[in-house]
Protein chains: 2
Amino acid sequence: MAKKKTSIKDIAEALGVSITTVSFILNGKAREKRISDEMTGKVQDYIKKIGYKPSHIAQSLRLGKSKIIVFMVEDISNQFFASIARLIEEKAYKNGYKIIYCSTENDTIKTKELISTFKMRNVDGFIITPTPGLEHVVRKLLEEDFAVVLFDRWIPDVDCSYVVVENKLSAKEATQHLIHQGCKNLGFVTVDSSQTQMNDRMDGFLEALIGTEAKSAILKVKFHTISEQEASRKILEFFSSHPELDGVFFSTNYLAFEGLHALIKLGKKIPEQIRLVSFDDHYFFNLFQPPITAIEQPIEEIAENLMDLMLKQLEHGEVQNNKIILPNKLNLRESSVYK
Amino acid sequence: MAKKKTSIKDIAEALGVSITTVSFILNGKAREKRISDEMTGKVQDYIKKIGYKPSHIAQSLRLGKSKIIVFMVEDISNQFFASIARLIEEKAYKNGYKIIYCSTENDTIKTKELISTFKMRNVDGFIITPTPGLEHVVRKLLEEDFAVVLFDRWIPDVDCSYVVVENKLSAKEATQHLIHQGCKNLGFVTVDSSQTQMNDRMDGFLEALIGTEAKSAILKVKFHTISEQEASRKILEFFSSHPELDGVFFSTNYLAFEGLHALIKLGKKIPEQIRLVSFDDHYFFNLFQPPITAIEQPIEEIAENLMDLMLKQLEHGEVQNNKIILPNKLNLRESSVYK
DNA sequence: TTATTCTGCTAAAAGGTTTTACCTAAATTA
DNA sequence: TAATTTAGGTAAAACCTTTTAGCAGAATAA
């Protein structure tokens, strides 16, 4: 019913004081502004009594800050991104910030549009998994003094803070692990895009092969631009046309899921006939029989660093080019010893 | 650098017209307000030229609407909630709304605090998975004319819109399925809380037993209030102390994951020794060997209905007590025929 | 005593919109 | 011709804060 919110003005009138006085008291500047303790008490009591809360919108307008951070990821329903969302949420709320999310679908046009609408929404900061071709927009954002932190991948030619992981090193280690297990014909399944993290993973894979006699076969799937069935078919096709493969590296977990599906269909014995390794660990990999080796990204640290950089930029206007690269953890599992 | 945003006033001055005129044109009321086409064109050209976008904050203040919906779920990193988040996002953005998320952790105090801060943020609508003891707050929200839609579970004594699924019926069907497969000793593993959806699932399970000779054993785990290890231990303990069980119903997928873990540890053969059924389907259930039967909630429909109800309330101030109950799909799988 | 400082408080502007109420000159109607 | 309507616009209030600049009176200093 009574949608009418009480404002500072109402309080001032009810108490017969000025708006200014109430505002000072509300903002803890009573002492500083020489409001008597008596008056302060009176106003505070009244505010508590009627349960007044200031309008954040009016504050935003006046102060030019919305206390909102936008979290733009490829797909919020992806386990990895959802987990990060969960973790940054806590820190944001603790510091008085709210988080708006959106999924870019790795679509540059869509992402640009989203950024443009967020700008007019006066959001204070952007946490972004950049799509290809976003250089200009991000540069503009920085010029206009927005707080920006990239993650998961970064943009080579833009001097912007980011938090990523050691993609190349971890991929190399995991590949070497396959080689040590005796694999001679290695497959690499990745998404067909120029995202830096995927490139780095492939570089790591290739580097591990140097100086060994292992052979390799690579499949790039346009995972998000084609239908899931089609992606699935491509992967199945890859494995049927490469029966020699005795080890596979999946550059991300959803590819591994599809790959697993395909290999089971083909009747391959894991790990006897073919060994698997995947980037992005998942509860599932530990539960599958046999459990599957995977590279675990340090999501707590990623989230922590993301919000640290973001808050630093927001509160102190700190330098914008903090580059953080975190180590991953290789969870060895396919030893068939379940624990 | 140039953080100074151009405002309607700047445009008015530059063109030597009044603010009102510009505003009318911006809001497509030029004709209605009898602004000449010539003037309209001039202003529109200028606006396009300088790329002006109105300040949403100022609009919010003036109109009392923020065009923000808050999505309050138990845990945004949970696959089910994250998937819904992804789907409602699209519809929200299409209608000019943004979505703020937060995780309640099923903690009533925390939830109340969150709602309170959102109110002063002037959010327009609330989509909530209600925690126990939230009756008052939700009722208040409705009284104050906020748009509210509950989902996943509802609050018995409050007349508020919601979108839920046929928990009881589906649980009953799944249990009957176990019985038809020949299970005589059924376990039911659920979370220890009074959430309506969990109660309904248990009711369905129990109802399926009526008139049969099957026996049952029930475990309630305080999943979120105790550590994950401890929950895991409880479940392991349950299965070791109930070796007679030849069928289990898990009331949600993360319990099934833990249960699976425990059963594998105990060396149980699935499905020969014990058959499994879980609420909330998951990619994983189809991939596991043998694949596991599960009840799939219609997340697209849930999301669709959620946003429909929400937008109806927001745009037309429609009646608030729309109760939608959607059917689930029982995905039969443990037949060991992999497809 | 006069000049200065301090105490306690307030008026008003600014932030960017939307919208109501109104104005003037030209055109139409009676 | 006189009265009314229409065309084309505008001034100003309202939404709710924060903050600057300042005011009157009391206390202190010179």
Side-chain angles (χ1 to χ4, degrees), chain A residues 3-44 46-47 50-67 96 117 119-124, chain B residues 3-44 47 50-68 96 119-124 145:
Chain A
K3 184 88 191 193
K4 182 74 181 68
K5 299 261 295 176
T6 53
S7 73
I8 265 193
K9 194 175 163 193
D10 300 325
I11 297 172
E13 274 169 12
L15 261 44
V17 298
S18 81
I19 291 179
T20 314
T21 306
V22 180
S23 177
F24 284 155
I25 293 171
L26 276 168
N27 292 296
K29 299 188 179 170
R31 272 269 155 65
E32 178 193 336
K33 297 292 182 177
R34 295 185 311 236
I35 307 296
S36 67
D37 289 0
E38 189 197 0
M39 171 71 81
T40 304
K42 198 170 80 178
V43 172
Q44 279 172 341
Y46 186 74
I47 286 168
I50 64 164
Y52 165 82
K53 303 277 174 185
S55 150
H56 260 262
I57 301 241
Q59 287 178 326
S60 295
L61 179 59
R62 172 66 228 232
L63 301 174
K65 297 283 165 203
S66 62
K67 288 274 183 174
T117 60
K119 274 165 121 176
M120 73 184 174
R121 278 264 183 196
N122 283 52
V123 308
D124 296 342
Chain B
K3 183 93 191 190
K4 182 73 180 68
K5 299 260 295 177
T6 54
S7 72
I8 263 191
K9 194 175 162 191
D10 300 326
I11 297 172
E13 273 168 12
L15 260 46
V17 299
S18 81
I19 291 179
T20 313
T21 305
V22 179
S23 178
F24 284 154
I25 293 170
L26 277 168
N27 293 295
K29 300 188 178 170
R31 273 271 155 66
E32 175 192 341
K33 297 292 182 180
R34 294 186 312 233
I35 307 296
S36 67
D37 290 359
E38 187 197 359
M39 170 71 78
T40 304
K42 198 171 79 179
V43 172
Q44 279 172 341
I47 285 169
I50 65 166
Y52 165 81
K53 303 276 173 185
S55 151
H56 262 260
I57 301 240
Q59 287 178 324
S60 295
L61 179 61
R62 172 66 228 232
L63 301 174
K65 297 283 165 205
S66 61
K67 288 272 182 178
I68 289 182
K119 274 165 120 177
M120 73 186 177
R121 278 268 182 190
N122 283 51
V123 309
D124 296 343
D145 270 346

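In what follows, chains carry the letters A, B, and so on, assigned in the order in which the sequence lines appear, proteins first and then strands, with residues in each chain numbered from 1. A quick note: this is a predicted structure, and the numbers were derived from the prediction, not measured.
- Counting non-hydrogen atoms under 4.0 angstrom, A:Leu63 reaches the backbone sugars and phosphates but no base.
- Computed from coordinates, the A:Lys9 NZ to C:dA12 P distance equals 13 Å when rounded to whole Å.
- Remark: B:Tyr52 is in phosphate contact with C:dT17, judged by side-chain N or O atoms under 4.0 Å from OP1 or OP2.
- B:Arg31 has its CZ atom 13 Å from the P atom of D:dG9, to the nearest Å.
- In this structure, the CD atom of B:Glu32 is 10 Å from the P atom of C:dT20, given to the nearest Å.
- Here the side chains of B:Gln59 and B:Pro54 are in contact, with some heavy-atom distance below 4.5 Å.
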*What does nucleotides 20-25 of chain D look like as a protein-contact string, B for base, S for sugar-phosphate only, - for none, at under 4.0 angstrom between heavy atoms?*
B-----
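- If you measure from atom CE of A:Met120 to atom P of C:dG15, you get 21 Å, rounded to the nearest angstrom.
- OP1 or OP2 of C:dT19 lies within a sub-4.0 Å distance of a side-chain N or O belonging to B:Lys29.
- We find that CE of B:Met39 is positioned 13 Å from C1' of D:dA7, with the value rounded to whole Å.
- Taken to the nearest 0.5 Å, the CG atom of A:Leu61 stands 6.0 Å off from the OG atom of B:Ser55.
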Can you pull every protein N or O that's under 3.5 Å from an N or O on nucleotides 25-27 of chain C?
none

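- Residues A:Met120 and B:Lys53 approach most closely at SD-CB, 3.6 Å, considering heavy atoms.
- Side-chain contact between A:Ile25 and A:Met39 is present, with heavy atoms from C-beta onward closer than 4.5 Å.
- Dashed line: the shortest gap from a side-chain N or O of B:Ser36 to OP1 or OP2 of D:dG9 is under 4.0 Å.
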*Derivation of the side chain to side chain contact (heavy atoms under 4.5 Å, CB included) call for A:Glu13 and A:Ile19*: CA-CA 8 Å; A:Glu13 274 169 12; A:Ile19 291 179; over 6 Å; no
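- Taking CD of A:Glu32 as the start and CD1 of A:Ile35 as the end, the distance is 10.5 Å to the nearest 0.5 Å.
- Mapping B:Leu61 and B:Ile35 onto DNA chain D by nearest heavy atom places B:Ile35 closer to the 5' end of the strand.
- Nucleotide C:dT19 holds its C1' atom 15 Å from the CD1 atom of B:Ile25, rounded to whole Å.
- In this structure, the side chains of B:Leu26 and B:Tyr52 come closer than 4.5 Å at one or more pairs of heavy atoms.
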*After noting the C-alpha distance and the side-chain angles of A:Ser23 and A:Thr20, does the key distance pass the side chain to side chain contact (heavy atoms under 4.5 Å, CB included) rule?*
CA-CA 5 Å; A:Ser23 177; A:Thr20 314; 5.7 Å; no
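- Under 4.0 angstrom from either OP1 or OP2 of D:dT10 there lies at least one side-chain N or O belonging to B:Thr21.
- Rounding to the nearest 0.5 angstrom, the gap separating the OG1 atom in A:Thr21 from the CD1 atom in A:Ile11 is 12.0 Å.
- The CG atom of B:Asn122 sits 10 Å away from the P atom of D:dT17 (whole-angstrom rounding).
- The CG atom of A:Leu63 lies 11.5 Å from the CG atom of A:Asn122; values are rounded to the nearest 0.5 Å.
- The nearest whole Å value for the distance from the CD1 atom in A:Ile19 to the C1' atom in D:dC16 is 9 Å.
- The shortest distance between the side-chain N/O atoms of A:Ser55 and the OP1/OP2 oxygens of D:dC16 is not below 4.0 Å.
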